[in-house]
Each structure stands twice: as structure tokens, then as C-alpha cells.
**Q** 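A single structure is presented below for examination.
We use all heavy atoms of the structure for the numbers below, so side chains are in, but hydrogens, waters and symmetry mates are not. Predicted model, so just to flag it, every value in this text is computed and none were measured. Residue numbers begin at 1 in each chain, while the letters A, B, ... track the order of the sequences.
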2 protein chains.
Amino acid sequence: MKKSISGKMKEPSSAREEIRVKVIDAIAQTMDLYGVNYSFGQLYGILFFEDRPMTLEEMQTSMNMSKSNMSYAVRSLTDSKMVSKLDEKAGRQDLYAAETDFFKAFQLFFASKLQREIDVMTAAIKPVIEPLSETILALETSEEERKLCLQDLHKLRHAVRYYEWLQQFVDKLEDGQFFEGQQIGD
Amino acid sequence: MKKSISGKMKEPSSAREEIRVKVIDAIAQTMDLYGVNYSFGQLYGILFFEDRPMTLEEMQTSMNMSKSNMSYAVRSLTDSKMVSKLDEKAGRQDLYAAETDFFKAFQLFFASKLQREIDVMTAAIKPVIEPLSETILALETSEEERKLCLQDLHKLRHAVRYYEWLQQFVDKLEDGQFFEGQQIGD
DNA sequence: ATATATATTCAATAATTATTGAACGATATG
DNA sequence: CATATCGTTCAATAATTATTGAATATATAT
């Protein structure tokens with residue numbers, strides 16, 4: 001997890017660039033914390049500071065990495081909505097821009113992560129509630145097994161309630177309800 | 001990231017155990033999504049269903065893994081507050097129990113992750129605001145460099161505002177303010 | 001205090017994930 | 001339509017992370 005701060009990126013040449021490198025490192029560390037590849041986090045940081053659409057080629061240059069890796073990075077970042085592909089192109093090259101408003105980035109990143117969690121968990125839980133209930137209701141189920149199933153059923157029902165709540169939470173998040181008074185989308 | 005559902009864990013022997021394995025897999029996938037080692041996520045899942053304090057030895061048995069790895073797993077889970085070490089012991093052995101209330105687990109997990117993010121980012125940003133401002137104010141700074149510094153300064157100030165907001169968000173989360181009407185701590 | 005059971009750390013290895021260059025495919029341009 | 005340019009995928013390798021068993025440390029009971 002520890003990595004030399006500037007890694008293979010081009011050496012900082014001014015005080016300002018040194019500052020950028022430090023902050024980009026913190027951003028990458030943070031994103032790594034949430035399961036994003038450190039280098040991909042760095043790329044977000046670069047796009048954040050550049051604050052203009054960039055092509056894969058430019059990313060390749062500033063990260064000093066292969067184009068294929070930049071392609072993977074950009075896909076990962078667009079999947080989690082922190083970066084988006086523009087409609088316009090620079091000649092034949094695709095353009096990508098970072099969401100530079102941290103409030104919006106928070107909103108997009110967590111909404112997409114949490115939604116994925118809801119989907120994965122719901123897909124696992126919903127289909128097993130019925131069979132589990134049936135086992136409990138079945139006459140041939142042993143006393144002991146029934147007790148265990150009941151325990152599990154209640155855990156799963158609790159989980160279902162939690163994911164219903166979490167879905168509402170995500171809806172509110174997407175709605176911007178947690179950002180009252182903040183200049184989101186300034 | 002893909003893994004055979006039951007991996008090295010002991011084979012499920014009943015319908016109920018099959019269900020547990022599926023749900024534990026979903027839990028582990030979910031936690032993996034947030035950067036938690038998949039096996040450690042499985043361990044949380046086991047503790048979640050067992051719903052009783054377990055010793056390292058028992059974890060070792062049900063996960064079919066080394067005690068040292070269980071030690072690391074338990075540390076990772078206690079760090080993120082999803083599991084806690086009890087004050088009592090089973091003879092000489094330490095006991096650990098999972099937070100089985102998903103609302104509380106959410107609260108604890110995200111509060112600790114987000115707080116860490118705030119700390120990392122704040123530690124990077126706060127100390128560079130002054131030097132950056134000074135560069136802008138300095139007479140010898142070139143027109144061009146001043147422009148670039150100004151842009152960066154504004155980005156960083158935006159970030160500071162964001163992290164102030166995020167700190168309040170975390171405070172509310174820890175306070176339970178997002179769980180109104182939910183039976184957290186039932 | 002000493003012996004003994006348990007927990008943690010460490011260094012080696014296994015397993016996984018990140019990164020690359022080359023091949024392929026798609027898209028735009030003349 | 002042919003060609004050039006770019007983006008994606010694939011299979012190989014590099015780098016990192018997960019897992020282990022042994023060594024060390026910590027704590028408990030006698």
C-alpha cells in the first residue's frame with residue numbers, strides 16, 4: 001500500500017507541482033481505501049487538477065503508463081462515475097473529464113458503490129427467504145433445524161429491512177438531500 | 001475477484017447451510033467492494049450468522065485457515081469496527097463478536113472509513129494552503145505561475161469546505177441521525 | 001516465578017491483481 | 001473502399017497482497 005509519492009509520474013518542477021503531487025497522493029490513498037487501484041486514483045487526481053478534458057494519450061504521458069492501462073483506468077473511473085467521457089472528441093481521440101466538485105464526486109461514487117451493494121445483497125437474500133420459510137413450515141423439519149432456520153430467517157429479514165432503508169438512503173443521496181446549503185453544482 | 005462460492009470453507013450439509021454460504025459470499029463480495037479482503041469478509045459473515053462470540057480457534061476451524069491469518073482478519077475487522085473483542089474470555093482464549101445489526105455495522109464501518117479519508121486528505125491539504133497562498137502573493141511569481149496557483153488554491157479551498165461538510169456528515173452518522181425510525185440497537 | 005496456553009509478528013511462499021505490448025476491432029478520413 | 005488512427009481485449013509478466021508455519025511475545029494458571 002505504501003508507494004513512493006511521485007512513483008513513475010514525471011518529477012515535480014515547481015513548488016506548485018510538489019503540492020499537486022502530495023494532494024494527488026492523498027487522493028489516490030483515499031480512493032485505494034475504497035478499493036480503487038492506487039494508480040487509477042492518481043489519474044483521477046491528475047484530471048482533478050488539470051480540470052480540462054484529456055485524451056488517453058495525454059494520460060499516458062503524464063502518468064508514464066501504457067495506453068492499455070489508461071484505458072482500463074478510465075473505464076474503472078467512468079464506471080464509478082467520477083470521470084465521464086465527453087460527447088465531443090479531440091480529432092479522433094476520446095475526451096474524458098473528472099468531476100471536480102467533491103460534493104458531486106462523493107454523491108456519484110457512493111451512490112454507485114452502495115447501489116451495487118444493494119443489488120448484490122438483495123440478489124442473494126430475496127430468493128432464499130421463501131425456501132427458508134418453507135423449511136421452517138415443513139412438518140419433517142427437526143426441532144433443532146427449525147430453530148436454526150428461524151434464527152437465520154430473522155437475520156435475513158433484518159437485512160431486507162436494512163437494504164430497503166439503504167435504497168432510500170441512496171435515493172436521497174442521488175437527490176442531493178444531504179447537501180442542503182452546499183453549493184453543489186456551483 | 002471471482003472465487004468458488006464455498007472456497008475452502010467446510011462443505012454445506014443442509015439447505016440452511018447452503019443458504020448461509022450464498023449469503024456469506026454476497027457479504028464478502030460486498031466488503032471486497034469496499035476494499036476488505038474477501039476472506040475477512042467471509043469471516044464477518046460467519047460471525048454474523050453464528051451470532052455468538054467466537055475464538056480464533058473456532059474461526060480457524062470454520063474457515064479452514066491458519067490461526068495467524070485469523071488473527072490478521074480479526075484485527076482488520078475490529079479496526080473497521082464491524083467486530084469487537086469482548087472483555088470476557090473463554091478460558092484463556094479471546095472472544096470476538098460481530099455487530100449483527102446491519103444499521104449499526106453500516107454506521108461503524110463508514111464512519112471509520114470516512115473519518116480516515118478526512119484525516120488523510122486534511123493532513124495533505126491544510127499544510128499546503130499557506131505556502132500556495134504565499135506563492136500567489138509573492139512579487140517574484142510570474143503571471144502564468146500565479147494563475148496556475150490561483151486555480152489550485154481554489155480547488156483546495158473547495159476541498160477544505162467539502163471535508164468540513166464531510167466531518168459534519170460523519171458526526172451525524174455517528175449520532176444515528178440517518179437512522180430515524182429504524183430500530184437501531186434493537 | 002515457572003510452565004503452559006494463546007496471540008502476534010515475521011519472513012517465506014502462494015495467490016491475486018496490476019501493468020504491459022501486441023493483436024484485433026472499430027471508426028473516421030481521404 | 002482502402003487506409004490511418006485510436007480504443008479495447010488478450011495473454012504474458014511484474015508487482016502486490018494474502019496466507020502460512022515458525023519464532024517471538026503476552027498472558028494465565030499453578
**Q** Among D/dT9, C/dA7, C/dT8, find the nucleotide with the atom closest to the side chain of B/S71.
**A**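 Of all the options, the side chain of B/S71 is nearest to C/dT8.
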**Q** Check whether any side-chain N or O of B/E99 sits under 3.5 Å from a backbone N or O of B/D101 as a donor-acceptor pair, and report yes or no.
**A**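 Indeed, once roles are kept as given, a pair shorter than 3.5 Å links the two residues.
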**Q** I'd like to compare against my own output: the B/S/- annotation of nucleotides 20-30 of chain D with a strict under-4.0 Å heavy-atom distance to protein.
**A** BB------BS-
**Q** Cation over ring, A/K155 on B/F48, under 6.0 Å and within 45°?
**A**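 Satisfied, under 6.0 Å and within 45°.
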**Q** State plainly whether the residues A/E145 and B/R16 are in salt-bridge range, i.e. N to O under 4.0 Å.
**A**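 Salt bridge present between A/E145 and B/R16.
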**Q** Return the value, rounded to whole Å, for the distance between atom CG of A/D32 and atom P of C/dT17.
**A**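 Rounded to whole Å, this separation is 14 Å.
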**Q** Rounding to an integer number of Å, can you tell me how far B/E58 CD sits from C/dA7 C1'?
**A**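 Atom-to-atom, B/E58 to C/dA7, this comes out as 16 Å.
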**Q** Nearest whole angstrom, please: distance from the C1' of D/dG7 to the CG of A/L77.
**A**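 In whole Å, D/dG7 C1' and A/L77 CG are 16 Å from each other.
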**Q** Closer than 4.0 Å, any side-chain N/O of A/N37 to the OP1 or OP2 of D/dT16?
**A**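 Checking A/N37 against D/dT16: no side-chain N or O falls below 4.0 Å of OP1 or OP2.
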**Q** Rest of the hydrophobic cluster containing A/L95 (Ile/Leu/Val/Met/Phe/Trp/Tyr, side-chain heavy atoms under 4.5 Å)?
**A**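 Via sub-4.5 Å side-chain contacts, A/L95 links to A/L86.
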**Q** Kindly determine whether B/Y34 and B/F110 satisfy ring pair (Phe, Tyr, Trp, His ring centres under 6.0 Å), including the steps that lead there.
**A** CA-CA 10 Å; B/Y34 297 110; B/F110 282 102; 5.2 Å; yes
**Q** Side chain of B/Q93 only, heavy atoms from C-beta on: which candidate in D/dT9, C/dT6, C/dT19 is closest?
**A**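 Nearest to the side-chain atoms of B/Q93, counting from C-beta on, is C/dT6.
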**Q** Parallel, tilted or perpendicular for B/F178 and B/F169, by the 30°/60° rule?
**A**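 B/F178 vs B/F169 ring planes: tilted.
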**Q** Measure the distance from CG on A/D79 to P on D/dT8 and round it to the nearest whole Å.
**A**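 Whole-Å distance recorded here is 11 Å.
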**Q** To the nearest Å, give me how far apart OH (B/Y38) and C1' (D/dT19) are.
**A**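 Nearest whole value for this atom pair: 16 Å.
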**Q** Roughly, in whole Å, what's the span from CZ in A/F40 to C1' in D/dA15?
**A**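 Atom CZ in A/F40 sits about 14 Å away from atom C1' in D/dA15.
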**Q** Would you say A/S39 places a side-chain N or O within less than 4.0 Å of OP1 or OP2 belonging to C/dT19?
**A**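 It does, given that an N or O in the side chain of A/S39 lies less than 4.0 Å from OP1 or OP2 of C/dT19.
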**Q** Describe, in one word, how the ring planes of B/H158 and A/F102 are oriented to each other, choosing from parallel (under 30°), tilted (30 to 60°) and perpendicular (over 60°).
**A**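 The rings of B/H158 and A/F102 stand perpendicular, inter-plane angle above 60°.
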**Q** Whole-Å distance between D/dT8 C1' and A/L56 CG?
**A**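 Atom CG in A/L56 sits about 10 Å away from atom C1' in D/dT8.
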**Q** For D/dG7, does OP1 or OP2 lie under 4.0 Å from any side-chain N or O of A/R75?
**A**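 False: A/R75 side-chain N/O out of range (4.0 Å or more) of D/dG7 OP1/OP2.
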